[in-house]
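Worksheet for the structure shown next.
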Protein chains: 2
Amino acid sequence: MRTRRERERAERKRLIVTAARRVAEAEGWNAVTTRRLSAEAECSQPVLYSHFKGKEAVAAAVAVQGFAELATVLRAARRGTHDDRDALAAVREAYTRFARRRPALCDAMFTLTVDLPFAAADAPAALQAAFGELRQAVAPMAADGDDIGLLTETCWAVLHGLASLTRNGRLLEKAHDRRLTLLVSHFAA
Amino acid sequence: MRTRRERERAERKRLIVTAARRVAEAEGWNAVTTRRLSAEAECSQPVLYSHFKGKEAVAAAVAVQGFAELATVLRAARRGTHDDRDALAAVREAYTRFARRRPALCDAMFTLTVDLPFAAADAPAALQAAFGELRQAVAPMAADGDDIGLLTETCWAVLHGLASLTRNGRLLEKAHDRRLTLLVSHFAA
DNA sequence: TCCTGTCGCTAGCACCGCTAGCAATCAAGT
DNA sequence: ACTTGATTGCTAGCGGTGCTAGCGACAGGA
C-alpha cells in the first residue's frame, strides 16, 4: 500500500514534467504555468509544489531530460561512423538537428534555468553524459598538449552560438551548413 | 505649446527606456515590470502603453540601445589598432568585455526580444551598425570567393556562443581567452 | 463662452506564482 | 475495534502581473 502511493506519486511527478515539455514544445514556455501543468497532470497546484520547489524546478527537470536526449542523439551519430573526422561532422550535424527539432527543449537547457550546476562535479548525470559524448567526438582531433575539456567546451560554444542565433531568428537557417564550413576552413591563419 | 507637449512626451518615453535599462542592469529583467517602469518615469501605466505596444516593446527599445552601444565599442576597438589581425583580436576582446559588463543588455539583445527584424533590410540602424563594425573587422581576413556576410555571421555566432554560455554560468569565465586561442588554432585541419 | 478632441488618470479584469489551513485517508498503538 | 497520529491533497486566497476600459481635466477653435 505504502509502495503503491509512492509509485503513484512518482508517476504524477513524471506526468508533470512531460506535460511541461509537451506544452512548451507546442505553445512555448510562456504558456507553461503551474495551473496549466496541474490541470494537465490532473492534480492541484500544491501537489506540484510538493514535487518541485517552483516553476523553475520543473523547467530544470525538463532541461535534464533534454540533455539526456541530446546525449543519446550524439552517441547515435558518433557510432554511425568509423572515421574520426566523419564522427565529428556527424555529431555537429546531430547537434544542429536537435536544436532545430526541439527549440523549447533548448530554451530550457540554455536559456531558462540558471540553477543547474554545470561545470561542477555534482552536475546531473544526463548533463555530463551529453558533454561526454561531445568530448569523445572532439578528443581525436586534439593536438598534443591541448586541454581536451577546454577544446570540447569551445566546440560546444560554437555549435551553441550558431544554433541559438538561428533558433531566435537572428540568422537565416538556410546557410547554416555553409557557416560551419567557413568556420572549419577559416579559423586558422 | 503643442511642441512643448510633444517634447515632454518624447522625454518621458526616453525616461521609460532608460529606467528599464537601469532596473534590468541592477536587478535583472524579472524586476522590470510595467508598474515599476511607470513609477520610475513618474507616470501611469497607460502612458507607458501609449508609447510602447507592451513590455516586450520596451525591452526591444533597450536592445536597440544595446546594439548602438556595442557598435561604438567595436568601432573604438578597431580604430585603436592598425594591423588587420590586431583589429580582429581587439574586436573579439571588446565583444567579450561588452558581454561581461552589460549582461542585462545582452539578455535584451539576444534572449528576450524576438520581434526585432534582424537579417531583413528594415532592421534598426543601430543593429546594422553593430553588424557592420564586426564585418569591417572580419573582411580583411576573408579569402577569395568567401561570402563576407556569411563569414561575419559565423564570427558573430562564435563570439555569441562563448559569451552567452559564460554569462549563463554554463562555462567558467577564467578560461575564456584560452578557448578563443584554441578556436583560432584548431578549426582547420 | 461653449464645444470638441486629446491626454493622462483611477480602477479594474483576468491571470500569475505560491501558500495557509483544512478535510480525508491510511498506519499504528492500545 | 477504536482512537490517534501523520501524511496527503484539496479549496481558497494573497500579493503581484500585463494590460485596458472609461472617466475627468485641459488646450484650441467657434
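Sequence lines set the chain letters: A, B, ... in the order given, protein chains first and strands last, and positions in each chain run from 1. This is a predicted model, so every value here is computed, not measured.
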Taking CG from A:L15 and P from D:dG9, how many angstroms apart are they, rounded to a whole number? 13 Å
What is the distance from CD1 of B:I16 to P of D:dC19, rounded to the nearest Å? 13 Å
Given atom CG of B:N30 and atom C1' of C:dC16, what is their separation to the nearest angstrom? 13 Å
Which atoms form the tightest heavy-atom contact between A:L159 and A:L180, and what is the distance? CD2-CD2, 4.4 Å
For A:V32, which contact category applies under a 4.0 Å heavy-atom criterion: base, sugar-phosphate, or nothing? sugar-phosphate
Whole-Å distance separating the CH2 atom of B:W29 from the C1' atom of D:dG18: 15 Å
Counting just side-chain N and O atoms, does B:R9 come under 4.0 Å of either OP1 or OP2 of C:dG8? yes
Ignoring backbone atoms, test whether B:T34 places a side-chain nitrogen or oxygen under 4.0 Å from the OP1 or OP2 oxygen of D:dG18. yes
Rounded to whole Å, OH of A:Y49 lies from C1' of D:dG13 at a distance of 14 Å
Within the 4.0 Å heavy-atom criterion, would you say B:R5 contacts the bases, only the backbone, or no part of the nucleic acid? nothing
Rounded distance (Å) that lies between atom P of D:dT17 and atom CD of B:E56: 17 Å
Determine whether B:R167 and B:R100 make a side-chain contact, defined as any pair of heavy atoms from C-beta on separated by less than 4.5 Å. no
If only side-chain N and O atoms of B:S44 are considered, is one of them under 4.0 Å from the OP1 or OP2 phosphate oxygen of C:dG8? no
Looking at B:R36, I'd like to know whether one of its side-chain N or O atoms comes within less than 4.0 Å of OP1 or OP2 on D:dG16. no
Scan A:R35 against the nucleic acid and name what it touches under 4.0 Å (heavy atoms): base, sugar-phosphate only, or nothing. base
Mind checking whether A:F67 and A:F118 have ring centres under 6.0 Å apart? yes
Between CD of B:E8 and C1' of C:dT6 the distance, given in whole Å, is 15 Å
Whichever of A:Q45 and A:H51 has the more 5' nearest nucleotide on DNA chain D, that residue is A:H51
Can you tell me if CG on A:D83 sees more than 12 non-hydrogen neighbours from other groups inside 6.0 Å? yes
Quick one: label A:R12 by what it contacts on the DNA or RNA (base, sugar-phosphate, nothing), any heavy atom closer than 4.0 Å. sugar-phosphate
Could you tell me the separation between the CD atom of B:E11 and the P atom of C:dC7, rounded to a whole number of Å? 18 Å
Could you tell me the separation between the CZ atom of B:R102 and the CG atom of B:D107, rounded to the nearest 0.5 Å? 13.5 Å
Tell me which of B:R4 and B:P46 sits closer to the 5' end of DNA chain D, going by the nucleotide each one is nearest to. B:P46
